[in-house]
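Worksheet for the structure shown next.
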Amino acid sequence: MKETLTSQEVVTSQSVRSQELTLCAVTSLAEGLRRGEVSSLALTEAYLARIAQFDGRIGAYLTVTADLARETAEQIDRRRKSGEKLPPLAGIPVAYKDNLCTEGVKTTCASRMLETFVPPYSAGAVEKINGSGAVMLGKCNMDEFAMGATNESSAFYPVHNPFDLQRSPGGSSGGSAAAVAAGEAAFALGSDTGGSVRNPAACCGIVGIKPTYGAVSRYGLVAYASSLDQVGTLTRTVRDGAMVLDALMGHDARDATSVPRRHASCTEEIEAHGTDLRGIRIGVPYALTEGEAVSTVTEAVLHAAQALESCGATLEPISIFDTDASLASYQIIACAEASSNLARYDGVRYGHRSCYAASVESLYGNSRSEGFGEEVKRRILLGTFVLSAGYYDAYYRRAIVLRDRIRREWDGFLTRCDAILMPVTAALPPLLGVKRSPTACFNDDRFTVQANLSGHPALSLPCAISEGGLPIGCQLVGRRFGEASLCRVAAALEDTLRIKPVLGKDLLG
Amino acid sequence: MLARLTLTEAEKEKLTADLQEIAAFADAVMMRVAGDTDPAQETFATAREDAVLPPLSCEEALRNAPAVQDGCITLPVNVIEGKGMSST
């Protein structure tokens, strides 16, 4: 045995260790930090190195806060060394979707409109995670103002799926999902208005959780559709998601829709039950799953149903009301709220201002037209149309009636069942650059909008890998504020299926 | 008008076609499923205590403004007076 390593071998050995660190679960990293096996600074350097090495090909980040990350990591290491008892997430590198305000750090929403915007305050969710000692690596790419499901509407550059660079990572939190999947962040936060956390999680082979509406603060989340938006988590495992959710949930008086209540610990619920799901009832919409998803997705979801049954759960067939109705209701409500929320961008107080204006009206019109991309303009126009006096009853009011019906339907399902199992996406991650009509794009949200309309928590986790090596996700929808129970079911499914999508050689380092 | 967007002719053509397609989709669904009942009036919002909290400083509030003078956000003179196009 050689007594010394050559310099090349040292480099190789460090690089292998860094690669291992950057693909570890948050739970393992937290344990390593607690035991002193690795420092937060070393961990942070490993992630920054990986971002430098791979993000040119992935495009997950819009801003990397390397110096700030090193400074935070050093502080955490000092506090740990001094014997201070730190929260479980202390020292773990995190990335935030670029629609979560970060004090002193540019927050663009992937839009020219906010290209230079630096918020004077941080979002409630960011405060919670930073307050837990997590180390912010930077801000993630996304569809412009979270409008889209392929990440191609980013005004800056698209995000590439780490499992196939020709494909989309899903959206709109595609940068957050791709960063976690590619080992460029240990975990990330995103936002989910119609599936924007669950869809990219499914496309990138990771776990995405949209909590119950009101469980996580929306303060400082740049608003798209306020009655549907919710901050969510993107992690490599269900246990990681549970750990982050435990730190994230809680009341925030600055968000009037935040609900003051005590949240059961998701982590403890998982550990208390393991893979034992006896007594748990899972609703499965068989007809919908078989009729509206491609066969590879259908087979994967039905296989997940069998896995849940093998853990002792009882399966109950359910019949979901017209998904076209959910899509129509969602599109109308989301665009109506977007048209109102985005009215604030007028080029006067902040955001892009046009150089070409003859009047206040043309200053508004030109600033908005130059600052917003096509998808955002389309949704604003649809929103103002459905809210206009002549069409309000025909569209907006009916969409609200439909939303009530969908909410009651899902309350009924989740009275009889503990969770519902269904697909996340109807198909595999789409190829980048393929033009589709607006209604064809609706199909991306077919299985996800229901949980936003009804407010229930929903989780996406990998359940299969396609022949071409692409991840396939399945979705579990749970009872309102039943995140702990939802995580328990998902962890049992994850432990039983043991699906671990593998990155291509070019991204393994 | 309500959207406050200045669209090119090409954009108008494309977006009109898109909106027609979306409206046709919504029309078909609404015809099939929508009842005429009033939506339930549910409210999730809880107002916080009406207390004065420390505000942003003037400097912080103005930091992202496109143009500032003497602690105020400014607009080009011709916009205020409505005197034609400007490139300032």
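From a predicted model like this one, the values you see are computed outputs, not experimental measurements. Order of the sequence lines fixes the chain letters, A, B, ..., with proteins taken first and strands second; residue numbering starts at 1 for each chain.
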For [X], is it the side chain, the backbone, both, or neither that has a heavy atom closer than 4.5 Å to a heavy atom of chain B?
X	answer
A/D322	side chain
A/L363	side chain
A/I332	side chain
A/A343	neither

Check your understanding: Has A/F321 got more than 12 heavy atoms of other residues, nucleotides or ligands less than 6.0 Å from its CZ?
Key ->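 Yes, CZ of A/F321 has more than 12 neighbouring heavy atoms, counting only those of other groups under 6.0 Å.
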Practice item. Can you establish whether the number of heavy atoms outside B/E13 located under 6.0 Å from its atom CD is more than 12? Key: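 Open.
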Once you round to the nearest 0.5 Å, how far does [atom1] of [X] lie from [atom2] of [Y]?
X	Y	atom1	atom2	result
A/D252	B/R48	CG	CZ	9.0 Å
B/L62	A/Y350	CG	OH	13.5 Å
A/E375	B/D18	CD	CG	8.5 Å
B/E11	A/R378	CD	CZ	10.5 Å

For [X], which atoms come within 4.5 Å of any heavy atom of chain A: side chain, backbone, both, or neither?
X	result
B/L15	side chain
B/A23	both
B/L5	both

Closest heavy-atom pair and its distance - [X], [Y]:
X	Y	answer
A/V348	B/I73	O-CG2, 3.3 Å
A/T439	B/F25	CG2-CB, 3.7 Å
B/R4	A/Y364	CD-CD1, 3.5 Å
B/T74	A/R353	O-NH1, 2.8 Å
A/S369	B/L7	OG-N, 4.4 Å
A/G347	B/P66	O-CG, 3.7 Å

Can you find a pair of side-chain heavy atoms, one from [X] and one from [Y], that are under 4.5 Å apart?
X	Y	result
B/R63	A/V118	no
A/T116	B/N64	no
A/R368	B/T6	no

Select, from [options], the one with the greatest count of heavy-atom pairs under 4.5 Å involving chain B.
options	result
A/P260, A/S437, A/G455	A/S437
A/R403, A/E374, A/Q331	A/E374
A/F372, A/F442, A/Y121	A/F442

Check your understanding: If you count heavy-atom pairs under 4.5 Å between each of B/I22, B/L56, B/V68 and chain A, which one has the most?
Key ->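 Counting heavy-atom pairs under 4.5 Å, the top option is B/I22.
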